[in-house]
Asks: 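Let me give you the structure first, and then I'll get to my questions.
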There are 2 protein chains.
Amino acid sequence: MTRQLPSATVARLTVYLRSLSAMLADGVERVSSEALAETAGVSSSNVRKDLSYLGSHGTRGVGYEVQRLSGNIAATLGLTHDWRVAIVGAGNLGRALARYTGFESRGFDVVALFDADQLIVGNEVGWLRVSDVRDLEVVLARTRATMVVLALPGTVAQQVCDRVVAAGVHSILSFAPVVLQVPDSVNLRKVDMATELQILAYHAQRIHEPGDGPGRPSA
Amino acid sequence: MTRQLPSATVARLTVYLRSLSAMLADGVERVSSEALAETAGVSSSNVRKDLSYLGSHGTRGVGYEVQRLSGNIAATLGLTHDWRVAIVGAGNLGRALARYTGFESRGFDVVALFDADQLIVGNEVGWLRVSDVRDLEVVLARTRATMVVLALPGTVAQQVCDRVVAAGVHSILSFAPVVLQVPDSVNLRKVDMATELQILAYHAQRIHEPGDGPGRPSA
DNA sequence: GCGTGTGAATGCTTTCACAGCA
DNA sequence: TGCTGTGAAAGCATTCACACGC
């Protein structure tokens, strides 16, 4: 049952899942690869290839059963139960993440929020109380969190990351603008907003040749 | 003159740039592809291939001049001048982004922050005043913002996105958990935190079968 | 027919290995 | 000698095109 899926496929499955959830809510019962591709912003052959990895059973000439496909993808992604997530860093971003309602609805429970600043520790954010990062190991164990989100300054990210790893966490999502070193056994994903803007800058600059001001909005 | 760089290379250039900035600050003058690869978390041959696209001039047997390489990459990415960025959505995430100091230091000026909620419009966030999203077109024009960050609910993302595009913006970074449709002339990048966690869930679930969760994959 | 499932072909990315130059 | 720069090879990912079954 455990053949590794191509990583590009895994990323797209999450998108399909979102589209399918919307369709389920709308009472749609069947969907073609063409229609699903449309809502997901990819090609239909890409959709079919991706779904074929699940050993998915669509019906030729008809399409896929929304309900069944949705359950199939959720199971494949490991979303059959909730995941307990801890957020380290209760600055602007950490607090925003802690209050983000999109996690809940997608099967992720935020069970702890940490900060090092004693002025913040003990405060309430949403329905959570901010824990002292000195108690990281204890609280991670007590809450049985298996995923950690790092929302802290680059300067301390690596040292906190090391403690998180030592505490036995294998899944980490980092918003810190640094490259973190982790053992192979740990799964680390990185989101960096400045990087994203820089990539946009590259493409923007290739179009309007840089004068002193960045392009005029010619329409 | 400038041939299109592979997109994977562009993404890594931003990482190199960060490493090089740190080295510059530390007074390091030269760096080998091996050393740079280490800090960036990629292979050294990957670094050399990437840099060779810039027609970059390293010195054989020695390495690259940090200062020069750094300037080279910045120029390639179009970071020789600041970019004016507007953020639409002053909820938790939007406010966190508006206050994020990492943008400034990387050449991105947040020049406007919008919201639709009349209770929020007019408030100060950092050194910005929240504008009414009804004035989107006017304020975008006045501030001459050329990049827009969408930090708003999925339900309104597409309609706001359409207005942003119509206003002549060609670079958009979206945090909304939906697939947005834009013309080919627009560059859209997407960041979705729930998606990232789902991808982590997939890998986590492939390793340890969860103990207290219901259901395991059928044989 | 129609739309899935899938080999085969194309294109993109990374790695290898080594020539070439300080 | 040491490290860059780069063709050639290997490894992924996407697209094509069409057989197949409803």
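Atoms considered below: every heavy atom in the structure, side chains included; atoms not considered: hydrogens, waters and symmetry mates. Convention: sequence-line order gives letters A, B, ...; per-chain numbering from 1.
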Asks: Any chance you could list the contact pattern along nucleotides 9-14 of chain D? Use B for base contacts, S for sugar-phosphate-only contacts and - for none, protein heavy atoms under 4.0 Å, 5' to 3'.
Replies: ----SS
Asks: Return the polar atom pairs (N/O with N/O) between nucleotides 20-22 of chain C and the protein under 3.5 Å, or none.
Replies:
{"from": "C:dG20", "atom 1": "N3", "to": "B:Arg60", "atom 2": "NH1", "distance (Å)": "3.1"}

Asks: Ring pair (Phe, Tyr, Trp, His ring centres under 6.0 Å) with B:Tyr202: which residues, sequence neighbours excluded?
Replies: none
Asks: Write out all pairs satisfying side-chain hydrogen bond (donor to acceptor under 3.5 Å, both in side chains) with one or both partners inside residues 152-169 of chain A, taking only residues at least two apart or from two chains.
Replies: A:Glu137-A:Arg163, A:Gln158-A:Asp162
Asks: Quick one: side chain to side chain contact (heavy atoms under 4.5 Å, CB included) partners of A:Glu38, sequence neighbours excluded?
Replies: none
Asks: Apply side chain to side chain donor-acceptor pair (under 3.5 Å) to B:Thr76 and list each qualifying residue two or more places apart in sequence or on a separate chain.
Replies: none
Asks: Short of 4.0 Å, heavy atom to strand atom, which residues of residues 27-35 of chain B count as contacting DNA chain D?
Replies: B:Ser32, B:Ser33
Asks: What residues, two or more places apart in sequence or in another chain, satisfy side chain to side chain contact (heavy atoms under 4.5 Å, CB included) together with A:Thr195?
Replies: A:Asp192, A:Ile199, B:Thr14, B:Arg18
Asks: Mind checking side chain to side chain contact (heavy atoms under 4.5 Å, CB included) for B:Ser185 and listing every partner two or more places apart, or none if nothing turns up?
Replies: B:His170, B:Pro183
Asks: Report the residues that fulfil side chain to side chain contact (heavy atoms under 4.5 Å, CB included) with A:Val110, sequence neighbours left out, ordered by chain and then residue number.
Replies: A:Ile87, A:Phe103, A:Leu128
Asks: Please collect all side-chain hydrogen bond (donor to acceptor under 3.5 Å, both in side chains) contacts where either partner lies in residues 86-101 of chain B, sequence neighbours excluded, each pair once.
Replies: A:Asn92-B:Arg99, A:Arg99-B:Asn92, B:Asn92-B:Arg95
Asks: Which salt bridge (Lys or Arg N to Asp or Glu O under 4.0 Å) pairs, counting each pair once, include a residue from residues 168-189 of chain A, with sequence neighbours left out?
Replies: A:Arg189-B:Glu196
